[in-house]
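Read the structure below first, then the notes.
Note that the coordinates shown come from a computational prediction; the quantities given were computed from them, not determined experimentally. Throughout, residue positions are numbered sequentially from 1 according to the sequence presented.
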Amino acid sequence: MFAAAGGELWDNGAACGRVYAVWCVGASQSVPSNCASDLPIEVKIIDNAFSADSSAAAYKQSVTGAALVLSEDAFNAIAKPFADSLDIKFQVV
């Protein structure tokens, strides 16, 4: 599974090829969770989020300034079918 890195995480391209463990985290008490699983997935950084066409089929739509933009397969692995965005935590593997 793949992702694009944004902002400081991109690190002028140094992030390309890094592998991250990514977890979906629960939402606040007033908002239902979009998480389908609390198990981590691994994604490999292959692009800069600011150059990735987030409207393309390869990437889920992202919030401007997102640290990671998950590929559609990665997003679907941890999100409920109706989810349009996720709160995640991640760390380098």
TODO: Supply the atom-to-atom distance Lys80 NZ to Ser33 OG, rounded to the nearest 0.5 angstrom.
DONE: 5.5 Å
Task: Heavy-atom closest pair, residues Val93 and Tyr20 - done: CG2-C, 3.7 Å
Task: Nearest heavy-atom neighbours spanning Cys35 and Leu86 - done: N-CD2, 4.5 Å
Task: Nearest heavy-atom neighbours spanning Ala21 and Pro40 - done: CB-CB, 4.5 Å
Task: Within-4.5 Å side-chain heavy-atom neighbours: Ile88 and Val25 - done: no
Task: Side-chain heavy atoms of Val69 within contact of Asp47, under 4.5 Å - done: no
Task: Shortest non-hydrogen separation from Phe90 to Ala67 and the atoms involved - done: CZ-CB, 3.8 Å
Open item on the list: Using every non-hydrogen atom in the two residues, find where Ser37 and Ala77 come nearest and quote the distance to one decimal.
Closed with: CB-O, 4.4 Å
Open item on the list: Would Leu70 and Phe2 count as a side chain to side chain contact (heavy atoms under 4.5 Å, CB included) here? Give the steps.
Closed with: CA-CA 6 Å; Leu70 301 177; Phe2 301 101; over 6 Å; no
Open item on the list: Are the side chains of Arg18 and Asp11 in contact, using a 4.5 Å heavy-atom criterion?
Closed with: yes
TODO: Mind listing the closest non-hydrogen atom pair of Ala74 and Val43 along with its distance?
DONE: CB-CG1, 3.8 Å
- [ ] Would you confirm whether Asn34, through its side chain, and Ser85, through its main-chain N or O, come within 3.5 Å as a donor-acceptor pair?
- [x] yes
- [ ] Please round to the nearest 0.5 Å and tell me the distance separating atom CD1 of Ile41 and atom CG of Asp73.
- [x] 9.5 Å
TODO: Flag yes if Met1 and Trp23 sit in one hydrophobic cluster, no otherwise; membership is Ile, Leu, Val, Met, Phe, Trp, Tyr, and two members link when side-chain heavy atoms are under 4.5 Å apart.
DONE: no
Open item on the list: Do Val92 and Val19 land in one hydrophobic cluster if side-chain heavy atoms of ILVMFWY residues count as linked below 4.5 Å?
Closed with: no
